[in-house]
Amino acid sequence: MKRKGHNHKESFSILLISNTGQGSKQFHISRGVARLLIFLLILLCAAVGGAGFLAYKMTPGFGEQNNLQAKIDSQQQLIQQLETEKENLSTEKAALEQENEALRQSGAAETADTTSADAEQSADEGEAADADVNIPRRYPSPKTSVVLSSFSEEEPYLAIGLHEEGNIVATGNGTVTSVSSDDTYPVIIEIDHDKGYKTRYMCRQEAEVQASEGAQVEAGDTLFTITVEDAQLDYQILFEEEPIDPLTVIEAKG
């Protein structure tokens, strides 16, 4: 008769020994339980390692945080600097606008003063020009002539010799106040030029008179025409009713 064998289950013993020497404990676990514990331990390690890796991936490093914070601080400083520059530019703009307005007003005032001064100068020049044309500064004979005698107390006029026919002209603007004659002069014409000046044109020969009393004449207008080849004109200038040397007026005025 065969001997019947016994099946023994494989098991593991775990011995726990106290470090104080007070005793020990021993646990017996089957092979399947041991495998289960090992598997659970592996899963736990995997789970902890995966969570740590995920946390590492999701959380930036300390150095990166510092760099990021430094960049933020730099950007904030730049923004503050730009704001300050903006305020300074706004202040400068306002100052320039005020200065420009002041210059514009000053320029307008100077322009007005200049315009007024120019107008006054033009008016003065116009009055001077009007006064100048009234002064008898022209020579009475456009034709060739010769001075026969100069002004003197005995003969308070300029004696002019005319050797050809020609016109005798007004020496300045004025009004013909008299057209007459006497035993010495067949033609005598007197003109009032204002400003105290008067002129007399006294011809010793007959002439064709073209001026009339009361007529307004301008410098260069014909008063009468000499119709003979040899004639004499005695030309007289009075200032404030006193005879003066005509050459002083003619020469002084050009």
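Follow the hydrophobic side-chain contacts under 4.5 Å out from Val179 and you never reach Met202; the two are in separate clusters. Hydrophobic cluster membership is shared by Ile191 and Tyr139, with clusters built from Ile, Leu, Val, Met, Phe, Trp and Tyr side chains linked at under 4.5 angstrom. Linking ILVMFWY side-chain heavy atoms closer than 4.5 Å, directly or via other members, places Val217 and Val249 in a single hydrophobic cluster. Following chains of ILVMFWY side-chain contacts shorter than 4.5 Å, one can reach Leu223 starting from Val187, so the two form part of one hydrophobic cluster.
The minimum heavy-atom distance between Asn173 and His193, with the atom names listed, is O-ND1, 2.8 Å. Ala211 and Val176 make their closest contact through CB-CG2, 4.2 Å (heavy atoms, listed as atom of the first residue, atom of the second, distance). Across all non-hydrogen atoms, the minimal contact from Ile237 to Pro136 is CD1-O, 3.9 Å.
For Glu229, the CD atom is loosely surrounded, since the number of other residues' heavy atoms within 6.0 Å does not exceed 12.
Applying the under-4.5 Å side-chain rule to Ile, Leu, Val, Met, Phe, Trp and Tyr, the cluster around Leu148 extends to Val146.
Side-chain atoms of Ser152 come within 3.5 Å of backbone atoms of Glu155 as a donor-acceptor pair (strictly under, hydrogens ignored). Here the side chain of Gln236 pairs a donor or acceptor atom with the backbone of Pro156 at under 3.5 angstrom.
Within the 4.5 Å cutoff, the side chain of Leu238 has no heavy atoms near those of the Ile244 side chain. The shortest side-chain heavy-atom distance between Ile160 and Pro140 falls under the 4.5 Å cut-off. A 4.5 Å side-chain heavy-atom check between Leu89 and Thr91 finds every atom pair outside the cut-off. With a 4.5 Å cut-off on side-chain heavy atoms, Asp234 and Leu158 do not count as touching. Within the 4.5 Å cutoff, side-chain heavy atoms of Cys203 are placed close to those of Phe224. Pro243 is listed as a side-chain neighbour of Phe151, based on a closest heavy-atom distance under 4.5 Å. Using a 4.5 Å cut-off on side-chain heavy atoms (C-beta onward), Tyr201 and Thr199 make contact. Between Arg137 and Ile250, the closest side-chain pair of non-hydrogen atoms is not below 4.5 Å.
Taking Tyr235 as the reference, Thr171 meet the side chain to side chain donor-acceptor pair (under 3.5 Å) condition, with sequence neighbours excluded. Residues meeting the side chain to side chain contact (heavy atoms under 4.5 Å, CB included) test with Glu101, sequence neighbours left out: Arg104, Gln105. Taking Thr184 as the reference, Asp182, Arg204 meet the side chain to side chain contact (heavy atoms under 4.5 Å, CB included) condition, with sequence neighbours excluded. Remark: Glu87 pairs with no residue by the salt bridge (charged side-chain N to carboxylate O under 4.0 Å, His left out) rule, at least two apart or across chains. Residues forming a side chain to side chain contact (heavy atoms under 4.5 Å, CB included) with Leu96 (at least two apart in sequence, or on another chain): Glu99. Under the rule for a salt bridge (charged side-chain N to carboxylate O under 4.0 Å, His left out), the partners of Arg200 that lie at least two apart in sequence or sit in another chain are Glu190. With sequence neighbours excluded, the residues forming a side chain to side chain donor-acceptor pair (under 3.5 Å) with Gln216 are Thr175, listed by chain and number. Here Ile79 pairs with Glu83 under the side chain to side chain contact (heavy atoms under 4.5 Å, CB included) rule; sequence neighbours left out. The side chain to side chain donor-acceptor pair (under 3.5 Å) search around Ser141 returns none, not counting sequence neighbours. Partners of Phe239 according to the ring pair (Phe, Tyr, Trp, His ring centres under 6.0 Å) rule, which considers only residues two or more places apart in sequence or in another chain, are Tyr197.
Summarising the geometry, atom OG belonging to Ser149 is positioned 6.5 Å from atom CD belonging to Gln232; distances are rounded to the nearest 0.5 Å. Here the CD atom belonging to Gln81 is positioned 6.0 Å from the CG atom belonging to Leu78, to the nearest 0.5 angstrom. The CD1 atom of Ile188 sits 6.5 Å away from the OG atom of Ser181 when rounded to the nearest 0.5 Å. Residue Glu92 holds its CD atom at 10.5 Å from CD of Glu85, rounded to the nearest 0.5 Å. Put simply, NZ on Lys86 and NZ on Lys93 are 11.0 Å apart, with the number rounded to the nearest 0.5 Å. Expressed to the nearest 0.5 Å, how far NZ of Lys198 lies from CD of Glu242 amounts to 11.5 Å.
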Between side-chain atoms of residues 162-170 and protein atoms elsewhere (two or more places apart, or another chain), which donor-acceptor pairs fall under 3.5 Å?
from   : atom 1 : to     : atom 2 : distance (Å)
His163 : ND1    : Asp230 : OD1    : 3.3
Asn167 : OD1    : Thr225 : OG1    : 2.8

